[in-house]
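Everything numeric here is computed off the predicted structure, so don't read it as measured data. Residue numbering restarts at 1 for every chain, and letters A, B, ... go by the order of the sequence lines.
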Protein chains: 4
Amino acid sequence: MKAARLFSYDKPLKVVDVEAPRIKNPSEVLVRVTGAGVCHTDLHIEEGVWREKVQVTLPYTLGHENAGVVQEVGDAVASFKKGEKVIVHPVITDGTCRPCRIGEDMHCENLVFPGITADGGFAEVLRTSERSLVRIHDLAPDDVAPLADAGLTAIRAVKKAASRTTSGSHIVVMGVGGLGHIALQLLRCMTNAVIIAADVAESKLRLAEKMGAHRVVDARRDPVKQVMDITANRGADVVIDLVGNDLTLANGMKMLHKGGTLIIVGYGGTLSVKAIDVIFSEFSVLGSLVGNWDELRELMELTRQGKVRVITQKGKLDEVNDILEQLKKGTLEGRGVVIP
Amino acid sequence: MKAARLFSYDKPLKVVDVEAPRIKNPSEVLVRVTGAGVCHTDLHIEEGVWREKVQVTLPYTLGHENAGVVQEVGDAVASFKKGEKVIVHPVITDGTCRPCRIGEDMHCENLVFPGITADGGFAEVLRTSERSLVRIHDLAPDDVAPLADAGLTAIRAVKKAASRTTSGSHIVVMGVGGLGHIALQLLRCMTNAVIIAADVAESKLRLAEKMGAHRVVDARRDPVKQVMDITANRGADVVIDLVGNDLTLANGMKMLHKGGTLIIVGYGGTLSVKAIDVIFSEFSVLGSLVGNWDELRELMELTRQGKVRVITQKGKLDEVNDILEQLKKGTLEGRGVVIP
Amino acid sequence: MKAARLFSYDKPLKVVDVEAPRIKNPSEVLVRVTGAGVCHTDLHIEEGVWREKVQVTLPYTLGHENAGVVQEVGDAVASFKKGEKVIVHPVITDGTCRPCRIGEDMHCENLVFPGITADGGFAEVLRTSERSLVRIHDLAPDDVAPLADAGLTAIRAVKKAASRTTSGSHIVVMGVGGLGHIALQLLRCMTNAVIIAADVAESKLRLAEKMGAHRVVDARRDPVKQVMDITANRGADVVIDLVGNDLTLANGMKMLHKGGTLIIVGYGGTLSVKAIDVIFSEFSVLGSLVGNWDELRELMELTRQGKVRVITQKGKLDEVNDILEQLKKGTLEGRGVVIP
Amino acid sequence: MKAARLFSYDKPLKVVDVEAPRIKNPSEVLVRVTGAGVCHTDLHIEEGVWREKVQVTLPYTLGHENAGVVQEVGDAVASFKKGEKVIVHPVITDGTCRPCRIGEDMHCENLVFPGITADGGFAEVLRTSERSLVRIHDLAPDDVAPLADAGLTAIRAVKKAASRTTSGSHIVVMGVGGLGHIALQLLRCMTNAVIIAADVAESKLRLAEKMGAHRVVDARRDPVKQVMDITANRGADVVIDLVGNDLTLANGMKMLHKGGTLIIVGYGGTLSVKAIDVIFSEFSVLGSLVGNWDELRELMELTRQGKVRVITQKGKLDEVNDILEQLKKGTLEGRGVVIP
C-alpha cells in the first residue's frame with residue numbers, strides 16, 4: 001500500500017510503497033483510512049522537536065488524526081465489526097493500568113501513539129486497537145478526521161476551561177487555526193462565557209467571528225491591553241494558549257484575572273513566571289493533552305448535533321507535503337486532510 | 001498600646017507606642033491579641049519583596065497570624081460577642097462580591113490584609129471584621145495563632161493535593177519549617193498517600209518523621225533521584241513546594257509523574273518550564289494562597305480533634321526581631337509566636 | 001401602602017392598606033417592588049400545605065418573587081445604592097453561618113423567607129437585605145421577577161442535571177409551567193443533552209417545543225413507555241419532576257436508566273421506592289430547592305445574553321387572586337406577575 | 001471439583017461435584033479460590049429476593065466475594081500471570097461500553113455477576129476476566145476475600161459520604177455487621193467526621209467502638225432522638241443505611257440535617273418520603289452499589305497500609321450453610337469466609 005513516511009528529519013515526507021499492516025494480537029483492528037488530518041505536530045516531528053521526547057526509528061509513517069472504515073478485527077474484538085465507519089482515538093492503550101481504568105487513557109502506562117511512536121494513518125491502512133475506536137454513524141470520515149486530534153485536544157482544553165468558569169466569565173483563545181476554530185465552537189456550546197479570540201492574521205480574526213468568538217483581538221497590537229479593555233481591567237478567567245511560544249505564554253499570564261488559569265496546548269516556547277506572581281494571584285497553569293476516549297465520543301455527539309464543524313482543505317496522500325508547507329506559512333484555513 | 005512596626009525597609013521592626021484602633025464601621029471587631037505568629041512573609045516585607053505587589057505607607061504594624069479575645073464588636077455584629085476566644089482569618093473581606101459569595105474570600109475584590117496592607121497583630125489590639133473570626137473554644141490563642149496563616153496556607157495546599165491524589169499516591173513536601181510541619185500532619189489525616197518530606201537540614205528531616213512523613217529526602221543530595229528511587233522511577237503525583245526558590249521549583253517539576261501537579265506556596269524564585277514538557281506529561285502548576293474562612297474553621301476542628309499541633313517558640317512582643325533573625329537563619333524549629 | 005395579604009387559610013388574599021416597612025438594622029434594604037411573580041407555592045400556602053413546615057402568624061403579605069428598585073439602604077450597606085434596579089433573592093440570610101460562608105445561602109441557619117415566613121413582595125415596598133440583591137442593569141423588573149424563584153429553582157435543578165449528564169444524555173422535564181418553560185431554556189444553554197418534555201396539556205407541549213425541547217411526551221398516555229421508546233429502551237439519565245405528585249414521582253423512577261437521577265422540585269405527593277431498586281440500579285433521588293445568590297447572578301447573566309426569557313402574564317396587585325385562580329386551573333401560560 | 005450450589009429457592013446449598021470451568025475466550029482467567037466470603041446477598045438469593053431482578057437458571061454456584069491465586073490465563077491476558085495472588089472484582093465487564101470507559105464498571109452494559117447471575121466462587125476454581133483482578137501482593141486471600149464485595153460496597157458508600165461532608169460533620173452508620181465494621185474503619189481513614197454507629201445488638205456496639213466509632217447508639221431505643229442529642233439537635237449530615245428495612249430507612253430520613261444525604265446500601269424494605277420534605281430540606285437519597293475496579297485497588301492499598309482489617313470467621317466449603325444460618329440469626333461477628 002502507499003504511505004507518506006518520514007525518512008530523515010528536516011526533509012519532506014516521501015510517499016512510498018510499504019507492506020500493509022496485519023493483525024498481530026487479538027484486540028487489534030485494521031482501519032482503511034479515508035481521512036487523515038495534517039497537524040502542526042507533524043511539522044514539529046519533521047523538525048525533530050519530538051526526537052528527545054519519544055523513541056522511534058526512521059523511516060516511519062506519520063498521521064495521527066485518522067478516520068475510516070473497519071477492515072478487519074482481531075479474535076477478541078467484540079464491539080466492532082468490518083464495515084463500520086469509525087474515528088480513531090490517536091493512542092493505543094492497554095486498558096488494564098490504573099489510568100486506563102479510571103478513563104484517563106492518555107496517561108496509559110503502556111501507550112503507543114501511531115503517527116508519532118509507530119506507523120500512523122498517512123497510509124491506506126492503519127493498525128490500531130478496539131479500545132481506540134468510536135463509531136461515527138452517518139458522519140463522513142474525511143470531514144471528521146481532524147477531530148481525532150485537533151478536535152480532541154480542543155475539547156479537553158475547553159472542558160478544563162468550562163470547569164473553571166461560570167456564565168459571564170471571560171475566556172481568551174490564542175490562535176485561530178486548526179484547533180482554534182474548533183475550540184471556539186466548543187466554547188459556544190459548552191460554556192456561557194464571553195469568548196475572546198486572538199490571532200496575528202486578519203483572516204483568522206474573521207474566521208474567529210464566524211466560529212463564535214464574541215470579541216476578537218489583533219495580537220500584533222498589545223493583546224494584553226486589549227483584553228484588559230474588554231474585561232474592564234479585570235482580566236480573563238481563562239486563557240487557552242494554542243500557540244505556545246515565549247510571547248503568547250508570557251502574555252497569557254499577564255492577561256489573567258486573580259484566580260485565573262492558563263491552559264497550555266500549543267508548544268515551542270518556554271514559560272517563565274515568578275513564584276510570587278503565581279501565588280499572589282493564585283494562578284493555575286495547566287498543560288493539556290489530547291482527550292480521552294469519552295471526550296472523543298462526546299465530540300462526535302456534538303458534531304452529530306451540528307454544533308461542531310471542521311473547516312477542511314482536502315487533498316490526496318501525495319499532496320501531504322504541500323499541505324504541511326501551507327501549515328508552516330500559516331496560510332491554511334482550518335485543517336488539512338489527506339485522503340489515502 | 002505597644003506595637004512592632006516597620007519604619008523602613010531592610011531595617012528591624014521598632015516596638016513603639018501607638019494609639020489603639022477604634023471601631024470605624026458597624027461590622028468591625030476589635031480583638032485583644034494574645035498570640036501573633038511570625039512568618040517568612042514578615043521577613044519578605046522587611047526586605048521589600050512585597051513593595052511592588054501592594055500599596056502601603058510606612059510605618060505600619062506587621063503581624064498577620066493572630067488569635068486572641070474579642071474586646072469590642074460593632075453594631076452590626078451579631079455572631080460574636082465580647083470575651084469569646086477567636087482565631088483571626090488574615091484578611092478582611094467585603095462579603096458581597098462574587099468571590100466572597102462563593103466562599104473564596106481570598107479573592108475578594110475589596111480585600112484588606114492587616115499586617116501586609118494595613119496595621120496588623122504585632123500589637124495589643126487588632127481591628128478586624130466579624131467575617132474574619134473563627135471561634136476556638138477551649139484552644140489557647142498563643143498555641144493556635146500560627147494556624148491563622150501558616151496553617152491556613154498549609155491546609156489549602158493539602159486540600160488541593162488531596163483532591164488530585166488517591167490512596168497510595170506519592171506526595172512530596174519540600175521544606176519542613178513553619179508550614180511544612182503542619183502540612184505533614186494534615187496530609188496524614190486528609191490523605192492516604194505516601195508522604196515524602198525533603199529539607200536541607202538534618203534536624204528538619206527528624207522533625208518531618210515525627211510529624212508523619214513516611215520517607216525523608218536530604219535535599220542537599222540530588223532530591224530528584226531520591227524521589228525517583230522511592231517511587232520506583234514513577235515520580236511523585238504531587239509536589240508541594242514550600243520553599244519556592246529557583247532550584248526547588250525546577251526540581252519539583254523534574255520529580256513529577258505524568259499528570260502530576262506542582263503546588264507552589266513558597267516564593268522568591270522563578271519557575272521556568274518548556275511548554276512541550278508541560279503538555280507532554282500534562283502537568284499542572286498551581287499557585288496556592290492562604291485558605292478561606294471555611295478552611296480555617298476546618299483547621300480548628302482538626303486541631304480540636306488532636307490531629308494538628310503547631311510547634312511554637314513563644315516570646316514577648318519586643319523579642320520579635322530576635323525571632324525574625326532566627327527564622328532568617330533557619331534555626332527556628334516550628335513557628336515563632338509573640339504574645340503582645 | 002397597598003399589600004395583598006393572607007388573612008385565613010383556604011380563602012383568597014385581601015388587598016389592604018398597611019404601614020410601609022422601615023429599615024430596622026444596618027444591613028437592610030427597602031426595595032420598591034415593580035414586579036412580583038405569582039407561584040404555585042402561593043397556592044400551597046393558601047391551602048395550608050406549609051402550615052406545619054414554617055411558623056408564621058396570619059395575616060401577612062405573600063409574594064416571594066420580587067424585583068424592583070432600591071428605595072433606601074441601611075448604614076452598613078456598601079454595595080448598593082438608591083435607584084439601582086435589582087432582583088431580590090427570595091431569602092434573607094445571616095452571612096456568617098457555615099452554609100452562608102460556603103455559598104449555600106439556602107441552608108442558612110437563620111434564614112428568613114419573605115412571602116413565606118415574613119411579609120413579602122405583593123406590596124409596594126419590600127424589606128430585604130443587602131445580601132439578597134442582584135443588579136439587573138438594563139433588564140426590566142416586571143420581566144425578570146419570576147426568575148427570583150421559579151427561574152432560580154429551575155437553574156439549580158438544571159445545574160444538578162448538567163453535572164450528572166454528558167453530551168447526548170437524555171433529560172426529562174415533567175411539567176411545562178412557570179418553572180418548566182424556564183428549565184427547558186436553561187437545559188438548552190447549559191447542557192448538550194437530548195431534552196424531553198412531558199405534560200398533560202397539549203398547549204404546554206407546544207410551548208415546550210418553542211422553549212427548546214427536542215421531544216415531547218403526552219403524559220396522559222403512558223409517559224414511561226414513551227420515554228423508553230425515545231431512548232431506545234435505555235431510559236433517561238435524569239428526570240426533573242416539576243410536578244411532584246404520587247404519579248409523576250413513581251413514573252419518574254420507572255423511566256430512569258441505571259445510575260440515573262430523579263430530581264424532585266414539585267411537591268404534594270409521596271415517593272415510595274423499594275431499597276433494592278434504588279441499590280440495584282444505583283439511582284439517586286435529589287430534592288432541589290431554590291438556588292443560591294450566585295445562581296441568581298448567573299441566571300441574570302444568561303437572561304442578559306438572551307438565552308432565557310420568561311413568558312409572563314402581567315396584572316395589577318388587585319388581580320392577584322385571578323392569577324392564582326388561573327394557576328390552579330392550569331390555564332396560565334408561563335408565569336403571572338403583579339405590578340404593585 | 002467441589003462447589004456449593006443452589007438447587008432450589010428456600011433450601012440450603014448443596015456441596016456437590018461439578019466440572020471445573022475452562023477458559024472460553026482469550027480475556028478470561030481461572031482463579032483457584034482460596035477464600036470466598038459469605039454475604040447477606042447469598043441469603044437473599046436463597047430466599048428468592050433476586051429472582052425478579054436477574055435471570056439465572058438453577059442449579060448454580062453462589063459466592064461473589066472471592067480471592068485466590070491465578071491458575072490459568074487466556075491468550076489476550078497481558079497484565080497477570082499464573083501464580084499471582086489476587087482479589088476478584090465481583091463482576092465481569094466488557095471494557096468497551098461507555099460506563100466501563102469512564103471507570104464505572106458496575107454500570108457496564110454487558111455485566112455478568114458470578115455468584116449471582118453465573119457460577120461463583122463457592123468452588124475450587126472460578127472463571128473470571130483479566131479486568132476483574134487486583135493484585136494483593138503479600139496479603140492472604142482468605143483474609144481479604146470479604147473486601148471483594150462487603151468491603152468494596154463499604155468503600156463506595158464511604159467515598160460518597162466523604163465527598164458530602166467536611167471535618168467535624170456527623171456520619172451515622174446503621175448496622176455493624178460484615179459491611180459496617182469495615183465502613184467504620186474506612187470512615188476513620190477517609191474522613192475527619194464524627195462517626196456514630198447504630199445497631200440493635202450490644203455486642204455490635206462494642207465492636208463498633210473497637211472499629212473506630214466515636215459514638216454508638218442502641219437502635220432499640222429511639223435512635224433518632226439519640227442522634228439528635230449527639231448532634232445538638234442539628235441532625236446528621238450523612239446516614240449510611242447498611243440494614244435497609246422500612247424502619248431504618250424511615251429513621252434515616254428523620255435524623256438528617258438540612259442538606260443531608262441518606263445512602264442506602266442494605267435492602268429489603270421500602271423508603272417512603274413526602275416530596276415536600278425532600279425539597280424543604282434539600283435531602284438527597286443515594287443508592288450505593290458495589291464499587292468499581294479502582295475502588296477495589298484503593299481498598300487493597302488501605303489494607304496494606306494497615307488501616308482496614310476484616311474480622312473473619314473461617315470455615316470449609318461444606319460449612320457454608322452453617323455460616324449462612326449464623327448470618328441469618330445475626331450471631332456472626334464480622335464476615336464468614338469459606339476456604340474451598
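Heavy atoms closer than 4.5 Å to chain C are found in both the backbone and the side chain of B:R101. For C:D105, the part sitting under 4.5 Å from any heavy atom of chain B is the side chain, from C-beta outward, and nothing else. Contacts of C:D294 with chain B are made by side-chain atoms alone, with heavy-atom separations under 4.5 Å and no backbone atom involved.
Annotation: residues 69-100 of chain B contacts chain C through B:A76, B:S79, B:G95, B:T96, B:R98 [non-hydrogen atoms, separation under 4.5 Å]. Annotation: residues 128-147 of chain B contacts chain C through B:E130, B:R131 [non-hydrogen atoms, separation under 4.5 Å].
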